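Atom set for the values below is all heavy atoms of this structure, side chains included, hydrogens, waters and symmetry mates excluded. Heads up: numbering here begins at 1 and tracks the sequence. Predicted, not measured: the structure shown is a model, and the values here were computed from it.
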Amino acid sequence: MTMPTQTTTPRRLPRYRRAQREVNLALTPRDLEILAPVESFRLATSAHIASLTRGSNQGILRRLQKVYHAGFLDRLRPDRTSDGGSAKMVYAVTNKGIRELQKRGFVKEPTKTDWNYKNRSLDTLYMRHTLLIAHIRAVLTAACASHPDLQLLFWKEGRETHDTIEVALDRGYAAVPVAPDAFFALQDAKGR
């Protein structure tokens with residue numbers, strides 16, 4: 001007499017909390033290609049990461065899931081889109097991810113920032129603003145990668161872009177702070 005075989009379908013991993021079971025993951029060079037831009041952009045959607053990483057979209061999404069459940073990235077809840085659906089998943093690097101990038105030479109400066117705490121305390125306005133900047137940067141980077149005659153020389157953000165300008169007023173001159181979201185340079189094939 002044969003016993004009926006019972007097949008169990010593997011349970012899906014949760015979307016916004018890490019799996020209870022430990023996820024073993026040996027980071028590959030492509031995983032580092034995923035982690036590095038997320039750290040550099042501060043926040044990135046799965047679409048940004050896919051546009052900047054070699055491989056199929058499905059393969060990249062599977063690796064993102066594993067890298068998240070292994071604790072190298074956080075997933076942040078995205079806003080709803082205007083049609084009521086979900087936006088692309090938003091990722092931020094964790095303390096574990098930063099340590100790995102430092103160990104592998106992708107991040108030079110040591111940090112005392114608790115990225116896990118910062119990721120949990122982001123507000124909606126900050127996330128939207130940061131993702132808009134990330135989107136512009138991802139589009140520029142991907143465009144330059146697909147056009148060999150165009151090169152993104154640098155992208156700077158944060159305090160290194162802050163400056164002041166002197167403006168003329170009725171009562172004299174005043175220094176006015178200037179704090180752009182980013183500063184970048186493109187170069188064409190002729191070196192311009």
I would like to know whether L43 and L122 meet side-chain contact (heavy atoms from CB on, under 4.5 Å); could you show each step before the answer? CA-CA 11 Å; L43 299 177; L122 295 176; 3.8 Å; yes
Sub-4.5 Å side-chain heavy-atom contact between F41 and L52: yes
Would you confirm whether T161, through its side chain, and G158, through its main-chain N or O, come within 3.5 Å as a donor-acceptor pair? yes
Would a distance-only check, ignoring hydrogens and angles, find a side-chain to backbone donor-acceptor pair under 3.5 Å from T94 to G71? yes
Is any side-chain heavy atom of L64 closer than 4.5 Å to one of M89? no
What closest approach, in Å, do L61 and S46 show between heavy atoms, and which atom pair accounts for it? CD2-CB, 3.7 Å
Please report the C-alpha distance between L35 and R104 in whole Å, then the side-chain angles of each, then the deciding distance to 0.1 Å, and finally whether the side-chain contact (heavy atoms from CB on, under 4.5 Å) criterion is met. CA-CA 11 Å; L35 281 174; R104 307 272 185 119; over 6 Å; no
Exam field: side chain T130 to backbone M127, donor-acceptor pair closer than 3.5 Å: no
Walk me through whether H129 and L125 qualify under side-chain contact (heavy atoms from CB on, under 4.5 Å). CA-CA 6 Å; H129 185 254; L125 183 61; 5.5 Å; no
Honestly curious: do I49 and L101 fall in one hydrophobic cluster under the side-chain, below-4.5 Å linking rule? yes
Decide yes or no for R75 and Y91: does some side-chain heavy atom of the first lie under 4.5 Å from some side-chain heavy atom of the second? yes
Would you check if there is a donor-acceptor pair between the side chains of R137 and S40 at a distance under 3.5 Å? yes
Under 3.5 Å: donor-acceptor pair, side chain of K66, backbone of D31: no
Check for me, please, whether I98 and L25 land in the same ILVMFWY cluster - side-chain distances under 4.5 Å, paths through other members count. yes
Are L27 and V38 connected into the same hydrophobic cluster when the rule is that any two of I, L, V, M, F, W, Y join if their side-chain heavy atoms are below 4.5 Å apart? yes
Hey, quick one: are I136 and L152 part of the same hydrophobic cluster, counting side-chain heavy atoms closer than 4.5 Å, chains of contacts allowed? yes
May I ask you to decide if C144's main-chain N or O and Q151's side chain share a donor-acceptor pair within less than 3.5 Å? no
With no hydrogens and no angle check, just 3.5 Å: does a side-chain donor-acceptor pair link T45 and H48? yes
Tell me whether V93 is reachable from Y117 by hopping between hydrophobic residues (I, L, V, M, F, W, Y) whose side-chain heavy atoms are closer than 4.5 Å. no
The test is salt bridge (Lys or Arg N to Asp or Glu O under 4.0 Å); show your working for E100 and K103 and say whether it passes. CA-CA 5 Å; E100 191 63 34; K103 188 169 87 175; 3.5 Å; yes
With side-chain contact (heavy atoms from CB on, under 4.5 Å) as the test, would you mind laying out the steps for W155 and T141 before giving the verdict? CA-CA 10 Å; W155 179 280; T141 304; over 6 Å; no
Side chains of N119 and R42: do they bring a donor and an acceptor to under 3.5 Å? yes
Nearest heavy-atom approach of N95 to W115 is OD1-N, 2.7 Å
Tell me whether the count of non-hydrogen atoms from other residues, nucleotides or ligands lying under 6.0 Å of CZ in F154 goes above 12. yes
Measuring only between side-chain heavy atoms, which start at C-beta, is Y68 closer than 4.5 Å to Q65? no
